[in-house]
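A quick write-up on the structure given underneath.
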Number of protein chains: 2
Amino acid sequence: MTSGTRSPQATTLERPALEDARDAIVDGIEREAMMTVFGRCTVDYDGRASSQLEAGDRHLMLKPDGAALVHTDEGQQPVNWQPPGCEHSVRCEDGALVIESVRSSPEERLAVSFELVLQVSTFAGSDPTELAVVGTEEDLRQRILEEPRLLEEGFTPLATERDTPAGAVDIYGEDATGRSVVVELKRRRVGPDAVSQLRRYVDALERDLHADASVRGVLVAPSVTDRADRLLARHGLEFVALEPTE
Amino acid sequence: MTSGTRSPQATTLERPALEDARDAIVDGIEREAMMTVFGRCTVDYDGRASSQLEAGDRHLMLKPDGAALVHTDEGQQPVNWQPPGCEHSVRCEDGALVIESVRSSPEERLAVSFELVLQVSTFAGSDPTELAVVGTEEDLRQRILEEPRLLEEGFTPLATERDTPAGAVDIYGEDATGRSVVVELKRRRVGPDAVSQLRRYVDALERDLHADASVRGVLVAPSVTDRADRLLARHGLEFVALEPTE
DNA sequence: TCCTTAATTTCGCAG
DNA sequence: CTGCGAAGTTAAGGA
């Protein structure tokens with residue numbers, strides 16, 4: 001985290017006066033610490049959309065990269081937030097501690113106004129590691145590239161991310177008879193949207209090759225919904241069941 | 001929040017022994033409090049995918065609804081998480097404080113193992129309010145339903161969420177000449193995916209009406225990308241520029 | 001429960 | 001910077 005190799009630190013203020021809370025947060029912003037504030041607050045957001053929250057008890061997290069998160073005790077998602085790249089600022093105003101996170105492009109403003117602060121914490125530490133995830137669409141692609149007959153006997157991959165006027169195709173190749181094949185990969189069960197996407201690529205490629213030879217479209221995923229299955233059939237597209245790993 | 005109308009509370013342990021941290025968390029889970037733990041930890045996830053994080057300083061939030069969030073000092077998104085509906089559990093093991101959040105359907109497990117705990121906090125309060133957001137696709141729909149000529153002079157909405165074999169159409173109606181119109185709404189600038197979606201609905205509806213009369217497809221959004229614009233033209237679809245509010 | 005789509009989606013990558 | 005599509009997407013609404 002921000003402090004590099006320094007040993008991790010945490011400081012806490014319990015039930016601080018609003019001015020003391022303000023000073024601690026000003027200091028934390030200066031030191032590029034991660035901070036949390038818990039207390040009774042209202043929240044106003046205005047930007048890509050706009051929203052308002054009346055007084056309630058919530059948990060605010062401020063990150064040194066400019067992100068801000070307002071959490072209640074329910075839900076995985078914050079009830080309000082601001083992405084990284086914002087400027088945090090603090091002030092006391094009309095008996096409230098007002099914390100604002102603002103950015104431009106797009107112009108957005110999040111204001112959390114605390115009438116009561118129960119806790120202010122600052123955290124500093126280091127996180128040198130990277131997250132490694134297994135089971136992604138990329139794993140599925142690697143699986144097919146290493147063993148093309150998982151798609152079908154005689155399939156030969158020719159390119160990945162092949163560009164078409166409709167976007168990049170996951171895998172482009174040829175079947176045993178030399179016919180062009182567009183492969184769309186999904187790491188999990190797919191619905192109609194994935195079929196539309198594949199159809200768009202097949203259409204674009206046929207037009208691109210301006211050939212009479214039609215292009216095969218193959219959707220690779222663990223499974224499909226009924227409606228997606230019917231759409232596949234309607235558009236003459238194919239499906240191969242395959243998981244990203246195993 | 002959980003404690004209903006009780007006045008909000010926050011308690012803090014600084015640099016607790018792992019056993020004291022464990023006892024505080026067990027108590028917090030029992031009391032259905034929201035809790036946070038900051039310290040040096042490893043994180044393991046296994047479920048829809050799987051991931052691992054080596055030792056680093058991170059902030060864990062446990063919610064009484066079963067959600068768990070692991071944050072570093074960067075990014076709006078947690079580096080690891082678990083959705084609501086999990087069971088949290090705590091134990092000390094091999095000199096570490098191990099906090100597990102587990103759910104079934106799908107079978108998923110998140111384990112955060114702290115070798116050092118700098119702070120444990122518990123929060124209780126109430127959040128009686130609901131978030132009201134303005135500027136959504138629903139707002140755009142209302143705008144057109146209340147003033148159909150924003151789409152075009154003579155347009156008459158006949159149904160919203162009209163079902164087709166390809167899914168539900170945002171707005172279905174007729175133009176001044178009585179021709180069927182499918183309207184797809186987007187609250188912001190759209191790319192090729194929205195065009196595919198609209199085309200899918202138009203195709204499905206033409207087939208549904210099994211009529212020779214072709215169906216018009218109109219995409220309503222603040223703007224379109226170049227590629228989306230070309231796709232619209234290629235498929236004989238139309239575009240109307242409109243914002244969700246104003 | 002699954003299906004379908006919106007979202008202040010966020011995130012990452014490429015042009 | 002915008003465009004484009006993946007994501008352990010999450011969340012909501014309906015069947």
Side-chain angles (χ1 to χ4, degrees), chain A residues 45-51 67-70 74-85 103 105-110 131 133-141 161 163-164 166-170 184-194 196-197 200-201 223-229 244, chain B residues 45-51 67 69 74-85 103 105-110 131 133-141 161 163-164 166-170 184-194 196-197 200-201 223-229 244:
Chain A
Y45 158 74
D46 195 65
R48 287 164 291 175
S50 65
S51 69
L69 304 165
V70 181
E74 285 187 351
Q76 171 177 341
Q77 296 302 126
V79 65
N80 275 117
W81 69 93
Q82 201 68 294
R103 68 165 177 166
S105 80
E107 193 95 9
E108 288 195 301
R109 172 184 170 274
L110 177 73
L131 182 72
V133 186
V134 173
T136 65
E137 183 178 299
E138 176 60 25
D139 293 316
L140 180 55
R141 166 160 44 181
E161 299 297 320
D163 206 41
T164 74
V169 167
D170 281 339
E184 175 62 28
L185 309 172
K186 294 294 171 188
R187 65 174 298 277
R188 43 174 244 177
R189 184 174 175 85
V190 295
D193 55 333
S196 292
Q197 193 180 351
R200 178 154 50 90
Y201 294 150
S223 59
V224 283
T225 66
D226 274 4
R227 195 173 262 171
D229 202 31
Chain B
Y45 158 75
D46 195 63
R48 288 166 289 175
S50 64
S51 69
L69 304 164
E74 285 186 351
Q76 170 178 341
Q77 295 305 124
V79 64
N80 273 119
W81 69 92
Q82 200 68 295
R103 68 165 176 166
S105 79
E107 193 95 9
E108 289 194 300
R109 172 184 170 274
L110 177 72
L131 182 71
V133 186
V134 174
T136 63
E137 184 180 298
E138 177 58 26
D139 294 316
L140 181 54
R141 166 162 38 182
E161 299 296 322
D163 207 42
T164 75
V169 167
D170 281 341
E184 175 61 28
L185 309 172
K186 293 295 171 188
R187 65 174 299 277
R188 44 175 246 176
R189 184 174 175 85
V190 295
D193 54 334
S196 292
Q197 194 179 350
R200 178 155 51 90
Y201 295 150
S223 59
V224 283
T225 66
D226 274 3
R227 195 173 263 174
D229 202 31

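Quick caveat: nothing in here was measured; it's all calculated off a predicted structure. All heavy atoms count here, side chains included; hydrogens, waters and symmetry mates do not.
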In whole angstrom, what separates [X]'s [atom1] from [N]'s [atom2]?
{"X": "Lys186(B)", "N": "dC4(D)", "atom1": "NZ", "atom2": "C1'", "result": "15 Å"}
{"X": "Asp226(B)", "N": "dG3(D)", "atom1": "CG", "atom2": "P", "result": "8 Å"}
{"X": "Arg141(A)", "N": "dG5(D)", "atom1": "CZ", "atom2": "P", "result": "14 Å"}
{"X": "Arg189(B)", "N": "dT2(D)", "atom1": "CZ", "atom2": "P", "result": "9 Å"}
{"X": "Asp139(A)", "N": "dA6(D)", "atom1": "CG", "atom2": "P", "result": "15 Å"}
{"X": "Tyr201(A)", "N": "dC4(D)", "atom1": "OH", "atom2": "P", "result": "10 Å"}
{"X": "Asn80(B)", "N": "dT9(D)", "atom1": "CG", "atom2": "P", "result": "13 Å"}
{"X": "Asp193(B)", "N": "dT2(D)", "atom1": "CG", "atom2": "P", "result": "18 Å"}

5'-most contact on DNA chain D (nearest-nucleotide basis), Ser50(B) vs Gly167(A), goes to Gly167(A)

Applying side chain to side chain contact (heavy atoms under 4.5 Å, CB included) to Val134(B) and not counting sequence neighbours gives Ser50(A), Asp139(B), Thr245(B)

Residue set satisfying side chain to side chain contact (heavy atoms under 4.5 Å, CB included) with Ala67(B), at least two apart, ordered chain then number -> Lys63(B), Asp65(B), Pro84(B)

Shortest non-hydrogen separation from [X] to [Y] and the atoms involved:
{"X": "Leu110(A)", "Y": "Ala68(A)", "result": "CD2-CB, 4.1 Å"}
{"X": "Pro244(A)", "Y": "Thr136(A)", "result": "CB-O, 3.6 Å"}
{"X": "Ser196(B)", "Y": "Ser196(A)", "result": "CB-CB, 4.0 Å"}
{"X": "Asp170(A)", "Y": "Leu185(A)", "result": "OD2-N, 2.9 Å"}

When we call it a touch if two heavy atoms are under 4.0 Å apart, what does [X] touch: a base, just sugar-phosphate, or nothing?
{"X": "Ala166(B)", "answer": "sugar-phosphate"}
{"X": "Pro106(B)", "answer": "nothing"}
{"X": "Glu184(B)", "answer": "sugar-phosphate"}
{"X": "Gln197(B)", "answer": "sugar-phosphate"}
{"X": "Arg200(A)", "answer": "sugar-phosphate"}

Pairwise [atom1] distance for [N] and [M], with rounding to whole Å:
{"N": "dT4(C)", "M": "dT8(C)", "atom1": "P", "value": "23 Å"}
{"N": "dA6(C)", "M": "dT10(C)", "atom1": "C1'", "value": "14 Å"}
{"N": "dC4(D)", "M": "dG8(D)", "atom1": "P", "value": "23 Å"}

Its 5'-most and 3'-most nucleotides having an atom under 4.0 Å from a non-hydrogen atom of chain B, DNA chain C is contacted over dT1(C) to dC11(C)

Kindly indicate whether the side chain of Gln82(B) and the base of dG8(D) share any N or O donor-acceptor pair separated by less than 3.5 Å?
->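 By the distance-only test, yes, there is a pair.
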
Protein-nucleic acid N or O pairs under 3.5 Å, nucleotides 11-15 of chain D:
unit_1	atom_1	unit_2	atom_2	d
dA11(D)	OP1	Gln76(A)	N	3.1
dA11(D)	OP1	Gln77(A)	N	3.0

Does OP1 or OP2 of [N] have a side-chain N or O of [X] closer than 4.0 Å?
{"X": "Trp81(B)", "N": "dT9(D)", "value": "no"}
{"X": "Thr225(B)", "N": "dC4(D)", "value": "yes"}
{"X": "Arg188(A)", "N": "dT9(D)", "value": "yes"}

Holding to side-chain hydrogen bond (donor to acceptor under 3.5 Å, both in side chains), I want the full list of residues that pass it with [X], two or more places apart in sequence or in another chain.
{"X": "Asp163(B)", "result": "none"}
{"X": "Gln77(B)", "result": "none"}
{"X": "Arg187(A)", "result": "none"}
{"X": "Glu161(B)", "result": "Arg141(B)"}

**Report entry** Earlier contact from the 5' end, DNA chain C, for Arg187(B) and Ser105(B)
**Finding:**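 On the 5' side of the pair lies Ser105(B).
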
Sorted by chain and number, sequence neighbours left out, salt bridge (charged side-chain N to carboxylate O under 4.0 Å, His left out) with Arg48(B) holds for Glu108(B)

